[in-house]
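Below: the structure, in structure tokens.
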There are 2 protein chains.
Amino acid sequence: MRLSNFTDYGLRMLMLLAADPERGTSSAELASTLALSRNHLAKIIQHLSQAGMVETKRGGNGGLRLAKPPQQVRLGALVALLEQDRGLVACFADPSANGCTLSGQCRLKARLRAGEAAFLAELDRSTLADIALPLQPTASDASQALPSTHALPSAQVESAGP
Amino acid sequence: MRLSNFTDYGLRMLMLLAADPERGTSSAELASTLALSRNHLAKIIQHLSQAGMVETKRGGNGGLRLAKPPQQVRLGALVALLEQDRGLVACFADPSANGCTLSGQCRLKARLRAGEAAFLAELDRSTLADIALPLQPTASDASQALPSTHALPSAQVESAGP
DNA sequence: TATGAATTGGTATTTTCAATGCCTATTCAT
DNA sequence: ATGAATAGGCATTGAAAATACCAATTCATA
């Protein structure tokens with residue numbers, strides 16, 4: 001189970017924007033902070049802009065900022081937006097060209113959808129304001145670990161550095 | 001958000017095995033039913049066998065079958081087993097070679113883990129027995145649709161075909 | 001007890017597709 | 001006009017999927 005890097009970068013960029021919702025931040029500054037090429041980030045911005053999630057302004061003193069207050073942006077909706085057409089399994093993403101020989105009597109799909117809904121609902125408990133991150137971090141707080149029942153690979157809690 | 005095809009095929013194969021837990025079914029028959037090369041399926045079998053999920057028997061009248069009653073196999077545990085080391089985002093799967101510039105003060109990761117746990121927990125509400133599917137289907141039941149709150153791509157309910 | 005057929009197990013190769021990076025054109029503000 | 005930003009196209013890279021091939025094992029039977 002994996003989110004695309006597209007989504008990953010998009011979320012991280014929004015974390016930065018959420019910390020400074022008023023100012024127009026340039027895509028170059030964001031790309032630099034995320035260690036990512038500006039051109040690549042531009043594609044993500046484009047997607048979020050078309051969806052009405054961020055507002056962009058061209059020209060001098062331009063840049064982008066959130067279209068809504070970060071308190072009103074729920075993470076589940078955000079992930080659903082960024083993941084767009086990547087279904088959980090192949091027969092979700094592309095029902096037409098689907099070679100699944102079990103189609104029509106598959107009782108697994110409903111369960112997978114319910115699981116996906118649970119995933120998004122859990123994310124919806126937080127908003128962008130909860131994960132905002134200033135461009136120049138204060139190195140005060142780290143991620144609080146929420147336990148996972150199963151053994152999916154979890155990154156160890158990284159140290160804040162020396 | 002996507003499961004690997006490896007997981008997808010593994011789940012579908014287990015659906016077939018669960019419908020006939022006693023008999024030893026050959027991998028060739030399963031591969032044929034799933035429209036998949038036997039060699040590719042063998043890798044999945046091998047993984048599940050090493051994890052103690054299926055028992056294999058070589059030679060004439062060999063084949064494979066579930067190691068436990070299907071009622072005792074929860075879907076969340078199964079997905080966690082099959083997805084092995086594919087983390088939800090890159091910094092989960094490979095914390096060492098992680099180029100994320102926000103490491104150490106990222107409040108997103110904890111939310112993603114909580115969402116992942118919710119996903120698996122929802123799947124754990126069902127067992128393999130709930131999704132068992134005979135090799136020669138009776139065409140009686142289809143997947144009951146559980147609604148999804150968000151707009152992730154959902155496959156439409158496929159018709160049983162003419 | 002040999003022998004052969006059927007089956008799993010393991011390794012290497014090809015293919016496919018997502019992800020990335022680079023380049024150019026266009027638009028807007030000053 | 002000029003500078004700063006978006007917008008889109010195209011080539012490259014990389015990882016995962018799928019396939020093919022060979023080796024090892026086991027059972028049934030003569």
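All chains are named by letter (A, B, ...) in the order of the sequence lines, taking the proteins before the strands, and each is independently numbered beginning at 1. Everything numeric here is computed off the predicted structure, so don't read it as measured data. Side-chain atoms are counted along with the backbone in the values below, which use heavy atoms only and exclude waters and symmetry mates.
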**Q.** By side chain to side chain donor-acceptor pair (under 3.5 Å) - contacts of B:Thr56 (at least two apart)
**A.**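 Testing B:Thr56 for side chain to side chain donor-acceptor pair (under 3.5 Å), a comparison that skips the adjacent residues, returns none.
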Rounding to an integer number of Å, can you tell me how far [X] [atom1] sits from [N] [atom2]?
X       : N      : atom1 : atom2 : answer
B:Leu41 : C:dG9  : CG    : P     : 11 Å
A:Asn5  : C:dA18 : CG    : C1'   : 9 Å
B:Leu48 : C:dG9  : CG    : C1'   : 15 Å
B:Glu55 : C:dT7  : CD    : C1'   : 16 Å
B:Lys43 : C:dT11 : NZ    : P     : 11 Å
B:Gln50 : C:dT8  : CD    : P     : 15 Å
B:His40 : C:dT16 : NE2   : P     : 14 Å
B:His47 : C:dG9  : NE2   : C1'   : 15 Å

Could you tabulate the donor-acceptor pairs under 3.5 Å formed by side-chain atoms of residues 13-38 of chain A, not counting sequence neighbours?
{"from": "A:Asp20", "atom 1": "OD2", "to": "A:Arg23", "atom 2": "NE", "distance (Å)": "2.9"}
{"from": "A:Ser26", "atom 1": "OG", "to": "A:Glu29", "atom 2": "N", "distance (Å)": "3.1"}
{"from": "A:Thr33", "atom 1": "OG1", "to": "A:Glu29", "atom 2": "O", "distance (Å)": "3.0"}
{"from": "A:Ser37", "atom 1": "OG", "to": "A:His40", "atom 2": "N", "distance (Å)": "3.1"}

**Q.** First and last nucleotide of DNA chain D, 5' to 3', lying under 4.0 Å from heavy atoms of chain B
**A.**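 Listing 5' to 3', DNA chain D meets chain B from D:dA17 to D:dA28.
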Q. Which residue pairs pass the salt bridge (Lys or Arg N to Asp or Glu O under 4.0 Å) test with at least one member in residues 46-58 of chain A, sequence neighbours excluded?
A.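 For residues 46-58 of chain A, and leaving out neighbouring residues, the salt bridge (Lys or Arg N to Asp or Glu O under 4.0 Å) pairs sorted by first residue read A:Glu55-A:Arg65.
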(Q) For A:Phe6 and B:Gly62, find the nucleotide of DNA chain C closest to each by heavy atoms; which residue's nucleotide sits nearer the 5' end? (A)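 Mapping each residue to its closest nucleotide by heavy atoms, the 5'-most match is B:Gly62.
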Q) Roughly how far, to the nearest 0.5 Å, is the CG atom of A:Leu11 from the CG atom of B:Leu112? A)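 If I round to the nearest 0.5 Å, the distance is 7.0 Å.
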Q.
Quick check for you: to the nearest 0.5 Å, what is the distance between B:Phe119 atom CZ and A:Leu123 atom CG?
A.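 B:Phe119 CZ to A:Leu123 CG: 12.0 Å, rounded to 0.5 Å.
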Q: May I ask you to list the residues of residues 24-33 of chain B, by number, that have any heavy atom positioned under 4.0 Å from an atom of DNA chain C?
A: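 Contacting residues: B:Ser26, B:Ser27.
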Q) For B:Ser4, which contact category applies under a 4.0 Å heavy-atom criterion: base, sugar-phosphate, or nothing? A)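 Sugar-phosphate only.
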Q: Compare all side-chain heavy atoms of B:Leu108 with those of A:Leu133 and state whether any distance is below 4.5 angstrom.
A: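 No, side chains not in contact.
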Least distance between heavy atoms, [X] atom then [Y] atom:
X        : Y        : answer
A:Pro70  : A:Leu66  : CB-CD1, 4.0 Å
A:Gly52  : A:Lys68  : O-CE, 4.3 Å
B:His47  : B:Phe6   : CB-CZ, 3.9 Å
B:Asp8   : A:Ala90  : OD2-N, 4.1 Å
B:Arg111 : A:Ser126 : NE-OG, 3.0 Å

Q) Reading nucleotides 24-30 of chain C from the 5' end, what letters show protein touch, with B for base, S for backbone sugar-phosphate only, - for no heavy atom under 4.0 Å? A) ---BBS-
